[in-house]
Amino acid sequence: MNAYNVAIVGATGMVGQEFIKILEQRNFPMASVRLYASDRSAGKKLYVGHEEIVVKETAIDSFQHIDIALFSAGSEISKHFAPVAAKAGALVVDNSAAWRMDPKVPLVVPEINPEDIKWHEGIIANPNCSTIQMVVALYPLHIVNPIKRVVVSTYQSVSGTGSAAMEELTTQAKLVLEGQNVVPHVYPHQIAFNLLPEIDVFMDNGYTKEEWKLVDETHKIMHADDIEVSATCVRAPVFIGHSEAINVEFANPMTPDDARRILAQAPGVKVLDDPSVSLYPFPWLAAGTDDVYVGRIRTDVSHPRGLVLWVVSDNIRKGAALNAIQIAEEAIKRNWVKPKS
Ligand SMILES: NC(=O)c1ccc[n+]([C@@H]2O[C@H](COP(=O)([O-])OP(=O)(O)OC[C@H]3O[C@@H](n4cnc5c(N)ncnc54)[C@H](OP(=O)(O)O)[C@@H]3O)[C@@H](O)[C@H]2O)c1
């Protein structure tokens, strides 16, 4: 079996740490691994398996002899270094928003469009976390009964903003419980015991960029530009796990039982849906696991061809690190990436 030289850019971050964990858990065929971050973390030591590895500052010469480069250090770093890594011959799987809508870059969820990996020119983009879990749940229904329109409201955890936001929620929760004042740093307002309907920046049309990612990325991944999507993205005081309430309008009527049957067989999906015993997914249950969970499947009483779903997933795993590693695994399986040595 071939083994690959892997680089992780952003190795010290929330997603980077999960990359390391998942590569080990899935026995990813690694010949070697190099860890990169900014100059702040250069010299820090991290374990990959039993091997202690020194984190280095990301630089132009970081990608020599690298076969697969997993990027998760934000858009600016990806814009700058992903082409450098690709030019050095690595297959880049990029977690940032930098390349997702570039027509020359495939945007991939392996359960949906693995064939798109084939036309990569060195960079493959990993979709946004809220998009990944939505399309994993919707695509199996769409191929049976085409989706016309989606209205989605998200409840997104703070881990989607990175480690500083995790600390901010912890600190603020303690301060509020002690009756003290909170000064927000990461978010524009207090996040503890609160909800903020602002993720990413506002656009001229009143939506945020996060909400617009759900529109554009859904079209690109599902190859279905005619699906109408309207999203409201909300940051919730949850550490890990994004939740989504989704109203779906189909071309033809679909019963909740049909949807449950289709989703029960769909790759990467687990149906948890028995209101009589309060069985439905929630972030605490999804955190640390790999599936996209679907529950509360019911007829939308406001539309003759509508269903309502509640979809939950670990945003750091399936929403980021796991999906990226699955892309690399798929490329290896199909011989679309080859080790240099
Ligand atoms: N679904 C998704 O695809 C998804 C989900 C979540 C996040 N993300 C993306 O992943 C990125 C990282 O998210 P996170 O949650 O892991 O954030 P995080 O916990 O804040 O970690 C950021 C990482 O980026 C590194 N970094 C920052 N500036 C750098 C620089 N100038 N050069 C090299 N490395 C630098 C940091 O290294 P230091 O330790 O040196 O600061 C750290 O390793 C986000 O910005 C986002 O673009 C994607």
Side-chain angles (χ1 to χ4, degrees), residues 7-22 34-46 53-63 69-82 84-85 92-101 105 107-110 123-136 154 156-170 185-187 199-201 209-210 213-214 217-218 220-221 233 235 239-242 244 287 292 313-328:
I8 300 177
V9 180
T12 51
M14 286 285 309
V15 178
Q17 293 290 290
E18 206 67 30
F19 273 141
I20 294 174
K21 222 190 279 176
I22 295 173
R34 284 191 229 155
L35 305 180
Y36 294 107
S38 77
D39 56 351
R40 288 181 296 274
S41 293
K44 201 173 166 181
K45 291 174 184 161
L46 295 175
I53 296 180
V54 179
V55 177
K56 293 194 177 138
E57 184 180 356
T58 317
I60 296 289
D61 61 358
S62 297
F63 305 98
L70 303 169
F71 272 68
S72 184
S75 287
E76 289 313 310
I77 299 304
S78 292
K79 271 186 211 154
H80 186 70
F81 285 109
V84 174
V92 174
V93 186
D94 181 38
N95 262 269
S96 80
W99 302 97
R100 288 180 189 149
M101 295 316 296
V105 174
L107 181 67
V108 175
V109 176
I123 303 174
I124 300 171
N126 199 56
N128 192 44
C129 39
S130 45
T131 311
I132 293 176
Q133 66 183 69
M134 185 171 87
V135 295
V136 166
T154 72
Q156 298 182 218
S157 66
V158 296
S159 54
T161 318
S163 31
M166 299 281 277
E167 276 172 42
E168 176 132 317
L169 175 56
T170 309
H185 296 289
V186 175
Y187 299 115
I199 302 185
D200 212 330
V201 298
K209 270 196 180 168
E210 182 83 357
K213 287 173 201 166
L214 279 153
E217 295 181 16
T218 298
K220 184 166 176 179
I221 299 160
C233 290
R235 189 68 69 192
F239 283 110
I240 293 177
H242 290 355
E244 297 176 345
V292 171
S313 190
D314 182 326
N315 52 295
I316 300 296
R317 288 183 76 89
K318 186 56 186 168
L322 173 64
N323 195 74
I325 290 171
Q326 287 173 318
I327 291 171

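What's counted below: heavy atoms across the whole structure, side chains too, no hydrogens, waters or symmetry copies. Just so you know, ligand 1 is whichever comes first in the structure, and atom 1 is the first atom listed for that ligand.
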Chemist: Quick one: do Glu217 and Lys220 make a salt bridge, cutoff under 4.0 Å?
Modeler: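 So Glu217 does not pair with Lys220 through a salt bridge.
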Chemist: Assess Arg100 for proximity to ligand 1: is some non-hydrogen atom of it under 4.0 Å away?
Modeler: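 It does, in that a heavy atom of Arg100 comes within the 4.0 Å cut-off of ligand 1.
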Chemist: At what distance is the nearest protein heavy atom to atom 42 (C) of ligand 1, and which residue and atom is it?
Modeler: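 For atom 42 (C) of ligand 1, the nearest protein heavy atom comes out as Thr12 OG1, 3.4 Å.
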Chemist: Around atom 16 (O) of ligand 1, find the nearest protein heavy atom and jot down its residue, atom name and distance.
Modeler: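 Protein heavy atom at minimum distance: Val15 N, 2.8 Å.
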Chemist: Under a 4.0 angstrom heavy-atom cut-off, which atoms of ligand 1 come close to Asn126?
Modeler: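 So the atoms of ligand 1 that pass are 3 (O).
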Chemist: Filter on salt bridge (charged side-chain N to carboxylate O under 4.0 Å, His left out), then keep only pairs touching residues 8-19, sequence neighbours left out; what's left?
Modeler: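 The answer is Glu18-Lys21, Glu18-Arg317.
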Chemist: What protein heavy atom lies closest to atom 32 (N) of ligand 1? Include the residue and the distance to one decimal.
Modeler: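 Ranking protein heavy atoms by distance from atom 32 (N) of ligand 1, first comes Ile77 CD1, 3.4 Å.
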Chemist: Within the 3.5 Å criterion, strictly below it, is a donor on Asn128 or Glu210 matched to an acceptor on the partner's side chain?
Modeler: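 Per modelled atom types, Asn128 and Glu210 side chains form a pair under 3.5 Å.
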Chemist: Check the orientation of Phe63 and Phe71. Use parallel for under 30°, tilted for 30 to 60°, and perpendicular for over 60°.
Modeler: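 Geometry flag for Phe71 against Phe63: parallel rings.
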Chemist: Atom 21 (O) of ligand 1: which protein heavy atom is closest, and how many Å away?
Modeler: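 Here the closest protein heavy atom is Gly13 CA, 3.1 Å.
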Chemist: Looking at residues at least two apart in the chain, or sitting in another chain, which of them share a salt bridge (Lys or Arg N to Asp or Glu O under 4.0 Å) with Arg34?
Modeler: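 None.
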Chemist: What's the shortest distance from atom 48 (C) of ligand 1 to any protein heavy atom, and which residue and atom give it?
Modeler: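 Answer, as residue, atom name and distance: Asn95 O, 3.1 Å.
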Chemist: How far is atom 5 (C) of ligand 1 from the closest protein heavy atom, and which atom is that?
Modeler: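 Residue, atom and distance for the closest contact: Ala320 CB, 3.6 Å.
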Chemist: Can you tell me the protein heavy atom closest to atom 1 (N) of ligand 1 and the distance?
Modeler: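 Checked against all protein heavy atoms, atom 1 (N) of ligand 1 sits closest to Gly319 O, 2.3 Å.
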